[in-house]
Amino acid sequence: MDLSFLNELNESQRSAVEYTEGASLVIAGAGSGKTRVLTYKIAYLLKNGMAPSSILALTFTNKAAREMKERIAAMVGEKTARYLWMGTFHSVFSRILRSEAERIGYSKNFTIYDSADSKSLVKTIVKELKLDDKVYKHGFVQSRISYAKNNLITPDAYLANADLIKADVTSRIPLMKDIYQIYCNRCKQADAMDFDDLLLQTNILFRNHPDTLQKYQQLFGYILVDEYQDTNFAQYLIVKKLAEQHEKICVVGDDAQSIYSFRGANIDNILKFKSSYKNARVFKLEQNYRSTQTIVNAANSLIDKNAQQIRKTVFSEKETGKPIKVLSVFTDFEEGFIVANNISDLRFSDKYHYQDIAILYRTNSQSRVMEEALRKQGIPYRIYGGLSFYQRKEIKDVIAYCRLVCNPNDEEALKRIINYPARGIGDTTVNKLIECSQLHAVSAWEVLSDMLKYNLPVNAGTANKLAQFRSMIDVFAEQITTQNAYDLANSVVKVSGVIADTYTDHSPESMSRQENVQELLKAIHEFCETKQANGEPTALLPDFLSEVSLLTDQDTDKETDKDKVTLMTVHAAKGLEFKAVFIVGMEEELFPSPFCTQSERELEEERRLFYVALTRAEELCYISYAKSRFKNGKTNFSNPSRFIKDIDEQYLDMPAEAKPKQARINDWDDDMETERNRFKSSFSKPIFKENSLPVSPKRMVKISNSAGDKVPTENGSIPTGAFVKHGIFGIGKVLETSIVNGNEKADIDFGEKGVKSLLLKFAKLEVLE
DNA sequence: GTAAGAAAAATTTTT
DNA sequence: TTTTTCTTAC
């Protein structure tokens, strides 16, 4: 047996890998080779003769699972790696739930409701109960339901819990308990589970069927859990039960990177691991192999401000590295411009490829400005998150058809497509149908199957349309087991008229919808082929659905996405690393999020989130904040984030004070001046860039409401028509100069490189005589 | 029952 | 800003 790969580990990593006797907790600081420990440990178990099918490895994302599997396959061979139980909690247990579904009253082909389905269901229930949806906001109701499920509180238990009932009365939503009850009933009736159900129902399965639990206890000889700091109670208990007998379990995590409490993650799971598993051994990985000393030290100084944490000393032995550059800008628009400029500089320095660079932000909505700026400068990028492929309308429509075919009880799918494409079944009819189905406590489909029996109050014409719709779905449903997924999906989109509907005109939107539908069909085709190549039985439509419902667009990496700048939220960046990282929008009211500044606990989580962002960087890290930002159709003023002050300033490259303030205040109107003062007092550091061009008071303009307002200038620092030289674009001719939000901007024609809009403050231009 | 157009609302992070 | 809901005319 060749175990030489163990020599590639440091001492603490190696002891964590080699300890397989009992429970172990690996506290892994950022960049300390956590994934390496997990992969090597699995390889070590395999080389020691453990069967791959008895190893359960739970990860946080599908992507993490896939990458780990690939790395293991490279070490022990693809054939062995294939049989590992590796995936997210949700995907592994949905698989188990499918094979055990009958035991808990679901069918094998149960639907998985995504958050949009849950939201829609919550809204219908609130409406049916004739409650005010401004009081019973779907977001709040949803999170309340999610909270209950994550803590394994069933509707009955909810009802019996005086604290919860009291809390709801105080929050003026006393009927919360009823909504929860009805929500669960409706899911059950639709043969559907939401994301939280996948964990809750697994617990119910294990609780009510000890023999089933035992079966899996025996199956899983060793359990590994990644990102343990982000597990919730439901996940904790599943793991705890499965490992009960042998305690052959290894969990890996970093309390400093716990950033999912809004999803029910309980940091206590990792903090109290030793009391859950009495004989647990703890390994600490403290050497950071990812980042420069400056970045590691800066991150340490930040996280030090958190009271709640397991103290550890993360250190780096890499070079000192450059200080973190803090960029101060006037608008979000300019922020994009400057970040894009810096990226160009990095790219042309030849030390960095686009793929080495990431832009991280707190909210998805910030991606737009960045995107625009990158596009203007011709920088290729790839956005993760936001509206993913599977959330597009046309894709959801097709998927809804497929879902209904596989599970006719799926109410959300039915509502979505019963009148798409339009077939004369309007809201009134649908409402009657749903009402009738609730009256008889059956699914809407059941009513459709026998409209007379359930006395559906519709006229003959409508009844006919409904019957037509029903028989169309019926025909498809009969083919579930005979046709493969691709063939069936193909006839669904044709016969249903979805294809015809997307072909209505030649507008770009219509074209893109067609492409998306084709793309989806292609994906189904590929799915079938992969299954076949693996020697599995024919891939059926339900198989595809069960896989696709847990997929996010992070899982659809394409070859063409190779050398591109990455744009994503900080949450999505967890576990990733980049040579250079730009953390943008470091402002109060944004990062930390205003929703998270109520309690110290939430604030500490935001700080950890910033910690995660910082520690993604290997060599260079930039932080930027704008003084005004376009948000919800309005321009808002903002102050730098309090978190910047939390970093020891010796690691920062702060913008230095450029001008005495009197020179700058002159032309600002009263409003603006108070804003400015508020800004200054909240942040003791100087706010103007050292090397910014002197701007005379005469040319200062107040920050306008629309980001793009510009004031033409006659005699800027550079005359119109002059020739200038730029480090990247070469020689160009100045077409026009203007002041945009107080900054001199020049439109310059660089010939083949195109016309560029550059802020003179930042562009290094040489005027040619 | 449908479509279009106007008004109002909503905005964190994700499996 | 975008998205959802309401109104109105066909």
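Reminder, nothing fancy here: chain letters follow the sequence lines and each chain counts from 1.
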Exercise. When we call it a touch if two heavy atoms are under 4.0 Å apart, what does A/Thr428 touch: a base, just sugar-phosphate, or nothing?
Worked result: sugar-phosphate
Problem set entry | Protein-nucleotide distance (A/Gln391, atom CD; B/dT14, atom C1'), rounded to Å | 10 Å
For this session: Tell which nucleotide pairs with C/dC6, taking only Watson-Crick or G-U wobble pairs whose two distances are both under 3.5 angstrom.
Result: B/dG5
Exercise. How do A/Lys137 and A/Lys432 order along DNA chain B: which one's closest nucleotide is nearer the 5' end?
Worked result: A/Lys432
Seminar exercise, completed: Picking from B/dT11, B/dT13, B/dT15, the nucleotide nearest the side-chain atoms of A/Ser115 would be B/dT15
Seminar exercise, completed: The answer to which of A/Asp196 and A/Thr462 contacts DNA chain B further toward the 5' end, by nearest nucleotide, is A/Thr462
Exercise. Between the side-chain atoms of A/Asn632 and the base atoms of C/dT1, is any donor-acceptor pair under 3.5 Å?
Worked result: no
Exercise. Between A/Ser115 and A/Ser118, does any side-chain donor sit less than 3.5 Å from a side-chain acceptor?
Worked result: no
Exercise. Which one, B/dA3, B/dT13, B/dT14, comes nearest to the side chain of A/Ala572?
Worked result: B/dT14
Seminar exercise, completed: Pairing partner of B/dT14, by Watson-Crick or G-U wobble and under 3.5 Å for both distances, is none
Exercise. Does A/Arg608 make a cation-pi contact with A/Tyr611 (under 6.0 Å, within 45 degrees of the axis)?
Worked result: no
For this session: Calculate the interatomic distance between A/Asp427 atom CG and C/dC6 atom C1'; express it in whole Å.
Result: 12 Å
Exercise. Using atom C1' of each nucleotide, how far apart are B/dT13 and C/dT4 to the nearest Å?
Worked result: 22 Å
Exercise. Below 4.0 angstrom from OP1 or OP2 of C/dT2, is there any side-chain N or O of A/Arg368?
Worked result: yes
Problem set entry | Value in whole Å for how far the C1' atom of B/dT15 lies from CG of A/Leu550 | 7 Å
Exercise. Side chains of A/Asn516 and A/Glu394: is there a donor and an acceptor less than 3.5 Å apart?
Worked result: yes
Exercise. Where the side chain of A/Phe195 is concerned, which of B/dT15, B/dG1, B/dT13 is the nearest nucleotide?
Worked result: B/dT15
Exercise. Taking the six-membered ring of A/Phe206, is NZ or CZ of A/Lys241 closer than 6.0 Å to its centre and within 45° of its axis?
Worked result: no
Exercise. Between C/dT2, B/dA9, B/dT15, which one does the side chain of A/Lys134 approach most closely?
Worked result: B/dA9
Exercise. Rounded to the Å, how far apart are A/Glu589 CD and B/dT11 P?
Worked result: 17 Å
Problem set entry | Full working for side-chain contact (heavy atoms from CB on, under 4.5 Å) between A/Asp226 and A/Lys34 | CA-CA 9 Å; A/Asp226 192 12; A/Lys34 174 181 68 111; 3.1 Å; yes
Exercise. Are the side chain of A/Asp194 and the backbone N or O of A/Asp197 linked by a donor-acceptor pair below 3.5 Å?
Worked result: yes
For this session: For the side chain of A/Phe595, starting at C-beta, report the closest nucleotide among B/dT14, C/dT5, B/dT11.
Result: B/dT11
Exercise. Within the structure shown, what part of the strands sits under 4.0 Å from A/Ser91 by heavy-atom distance: base, sugar-phosphate, or nothing?
Worked result: nothing
For this session: Tell me what A/Gly426 touches on the nucleic acid: a base, only sugar-phosphate, or nothing, going by heavy atoms under 4.0 Å.
Result: sugar-phosphate
For this session: Please state how far atom CD1 in A/Ile112 lies from atom C1' in B/dT15, giving the value in whole angstrom units.
Result: 10 Å
Exercise. Among B/dT15, C/dT4, C/dT1, which nucleotide sits nearest the side chain of A/Lys123?
Worked result: C/dT4
For this session: Would you indicate which nucleotide in C/dT1, B/dT15, B/dT12 comes nearest to any side-chain atom of A/His90?
Result: B/dT15
Problem set entry | For atom CG of A/Asp197 and atom C1' of B/dT14, their distance in whole Å | 17 Å
Problem set entry | Nearest-Å distance for atom pair CG/C1', residues A/Leu603 and B/dT12 | 15 Å
Exercise. Has A/Asn232 got a side-chain N or O lying under 4.0 Å from the OP1 or OP2 atom of B/dT15?
Worked result: no
For this session: Taking only the side-chain nitrogens and oxygens of A/Asn419, find out if one of them lies under 4.0 Å from OP1 or OP2 of B/dT2.
Result: yes
Problem set entry | Proximal nucleotide (of B/dG1, B/dT13, B/dT12) relative to the A/Ser593 side chain | B/dT12
Exercise. Whole Å only: how far is the NZ atom of A/Lys393 from the P atom of C/dT3?
Worked result: 14 Å
For this session: Tell me, please, whether A/Phe337 has A/Lys376 positioned over its six-membered ring: NZ or CZ under 6.0 Å from the ring centre and within 45 degrees of its axis?
Result: no
Problem set entry | Closest to the A/Lys119 side chain, choosing from C/dT4, B/dT12, B/dT14 | C/dT4
Seminar exercise, completed: Against the side chain of A/Thr569, the closest entry in B/dA9, B/dT14, B/dA3 is B/dT14
For this session: Report yes or no: is the ring centroid of A/Phe630 under 5.5 Å from the six-membered base ring centroid of C/dT1, with the two planes under 30 degrees?
Result: no
Exercise. Which part of the nucleic acid does A/Phe89 contact within heavy-atom distance under 4.0 Å: base, sugar-phosphate only, or nothing?
Worked result: nothing
Exercise. Touch check for A/Lys574, heavy atoms < 4.0 angstrom, all strands: base, sugar-phosphate only, or nothing?
Worked result: nothing
